[in-house]
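Take a look at the structure set out below.
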2 protein chains.
Amino acid sequence: MSFWKRLFPGTEATEDSPRDTDRITFSTDRAIDIYELEELCDAVGWSRRPLRKVKKAIECSFCVIAMYEEYQDRRRLIGFARATSDHAFNATIWDVVVHPDCQGRGMGKSLMDRIIAELRSADISNITLFADPHVVDFYRRLGFMSDPEGIKGMFWYPD
Amino acid sequence: MSFWKRLFPGTEATEDSPRDTDRITFSTDRAIDIYELEELCDAVGWSRRPLRKVKKAIECSFCVIAMYEEYQDRRRLIGFARATSDHAFNATIWDVVVHPDCQGRGMGKSLMDRIIAELRSADISNITLFADPHVVDFYRRLGFMSDPEGIKGMFWYPD
């Protein structure tokens, strides 16, 4: 069953009603449906987080990118990324997620290209992120370097 | 020659005028003297950055900590750190600097303890940074972990 059929049952193409081509769109609008975002994060198996804090994090991020697949007059959130920044030198990208049904179709690259373009348009040149081991190669292919000149990403967690 | 004598010539103690004990104070005020900050960054050999952007970065950081050594009615900037954040989950600490004359006296630890406390008071639990190789051990001693569970710090720079 295709992604759209799963998402929008009854939308499959028929001879009388040919199915439109899916269209991928991007939005930087922070007024994102956080329940839809939670559903997307659930789909990739992320731990649930308090929605109040998710909302705050979105409001206080420097930029957010939501990626939608559109079909007729409906759209479905299929990707998301956001970045914190000092609005001048540095940005850190967080919460990069692409729906499992859409992975392997270049959508992750499109999403990352979009957020990098957004940060570059704000003249931010030091773009960073913290990559889980299984996505390090994905980010390398996009031009990210791990530990350049021995710089180490470090984490502090409360006891 | 002591740090204070270098900073404030003529302030050395005499029998008639005993020298006050130096007092270390911290400030989260963003109205920091950016020329004094530049002088501090020069002292540790950092590359110069446009002051307009430094000012913007300070304004748009989630928090800044300035560390002063005070003597009588004068104070001198001897340390600085700032953090970007989404105000909810994550923070990244940038531009940690301690004047070379004050290094090795626990001031770096005091500065870091202060910024961590500031972030923790805002209920931010994922505190991150990117450490140059020569300070990785310093941050380890403060409880930071490098590459926990294989998570890699990654950087993207413009061509």
Side-chain angles (χ1 to χ4, degrees), chain A residues 49-50 52-62 64 82-95 112 115-116 119-120 122-140 142-159, chain B residues 49-50 52-62 64 82-95 112 115-116 119-120 122-140 142-159:
Chain A
R49 299 181 293 185
R52 175 188 57 80
K53 291 192 82 170
V54 171
K55 197 164 178 293
K56 175 104 182 206
I58 289 172
E59 279 165 11
C60 297
S61 290
F62 176 67
V64 302
R82 65 186 177 91
T84 49
S85 175
D86 57 17
H87 302 212
F89 301 111
N90 308 306
T92 311
I93 298 172
W94 306 96
D95 295 351
M112 288 300 297
I115 198 164
I116 289 169
L119 295 168
R120 290 295 298 135
D123 199 24
I124 289 162
S125 52
N126 186 34
I127 301 176
T128 60
L129 53 79
F130 296 96
D132 283 325
H134 66 284
V135 285
V136 165
D137 284 341
F138 165 72
Y139 290 118
R140 274 211 185 103
L142 296 176
F144 282 82
M145 287 178 287
S146 58
D147 304 345
E149 299 175 39
I151 298 170
K152 298 297 282 181
M154 300 190 84
F155 287 72
W156 186 95
Y157 305 109
D159 292 329
Chain B
R49 298 181 294 185
R52 175 189 56 80
K53 290 192 82 170
V54 171
K55 197 163 177 292
K56 175 103 184 207
I58 289 171
E59 280 164 10
C60 297
S61 289
F62 175 67
V64 302
R82 65 185 177 89
T84 49
S85 175
D86 57 17
H87 302 214
F89 301 111
N90 309 306
T92 310
I93 299 172
W94 305 97
D95 296 351
M112 288 300 296
I115 198 165
I116 289 170
L119 296 169
R120 290 294 298 135
D123 198 25
I124 289 161
S125 52
N126 187 34
I127 302 176
T128 60
L129 53 78
F130 296 96
D132 283 325
H134 67 285
V135 285
V136 165
D137 284 340
F138 165 72
Y139 289 118
R140 275 213 185 101
L142 297 177
F144 282 82
M145 287 178 286
S146 58
D147 304 345
E149 301 175 39
I151 298 171
K152 298 297 282 181
M154 301 190 82
F155 287 71
W156 186 95
Y157 305 109
D159 292 329

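By convention in this document, chain letters (A, B, ...) are assigned in the order of the sequence lines, proteins followed by strands, and residues within each chain are numbered from 1.
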For a quick test of reading the model, state the closest non-hydrogen atom pair linking [X] to [Y] and the distance between them.
X         : Y         : result
Ser125(A) : Pro158(B) : O-CD, 3.2 Å
Lys53(B)  : Asp123(A) : NZ-O, 3.1 Å
Met154(B) : Phe144(A) : CE-O, 3.8 Å

### Message
If the condition is side-chain hydrogen bond (donor to acceptor under 3.5 Å, both in side chains), which residues does Thr84(A) pass it with, not counting sequence neighbours?
### Response
Trp94(A)
### Task
Measure the shortest side-chain to side-chain distance between Arg82(A) and Asn90(B) over non-hydrogen atoms and say whether it is less than 4.5 angstrom.
yes
### Query
With a 4.5 Å heavy-atom cut-off, do Trp156(A) and Thr128(B) have their side chains touching?
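The answer is no, as the side chains (C-beta and beyond) never meet within the 4.5 Å cut-off.
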## Note on the structure
Okay, Ser146(A) and chain B: the region with an atom under 4.5 Å from a heavy atom over there is both
Under 3.5 Å donor-acceptor pairs involving side-chain atoms of residues 129-139 of chain A, not counting sequence neighbours:
from, atom 1, to, atom 2, distance (Å)
Asp137(A), OD1, Arg140(A), NH1, 3.3

Looking at chain B, which one of [options] has the largest number of heavy-atom pairs inside 4.5 Å, strictly under?
options                                  : answer
Tyr157(A), Phe62(A), Phe89(A)            : Phe89(A)
Ala91(A), Ser85(A), Ser61(A)             : Ser85(A)
Lys152(A), Lys56(A), Arg120(A), Arg49(A) : Lys152(A)
Gly143(A), Ala83(A), Cys60(A), Pro148(A) : Cys60(A)

### Task
Tell me, with the steps shown, if Glu149(A) and Phe155(B) meet side chain to side chain contact (heavy atoms under 4.5 Å, CB included).
CA-CA 11 Å; Glu149(A) 299 175 39; Phe155(B) 287 71; over 6 Å; no
#### Entry: Ile116(B), part contacting chain A, at a heavy-atom distance under 4.5 Å
side chain
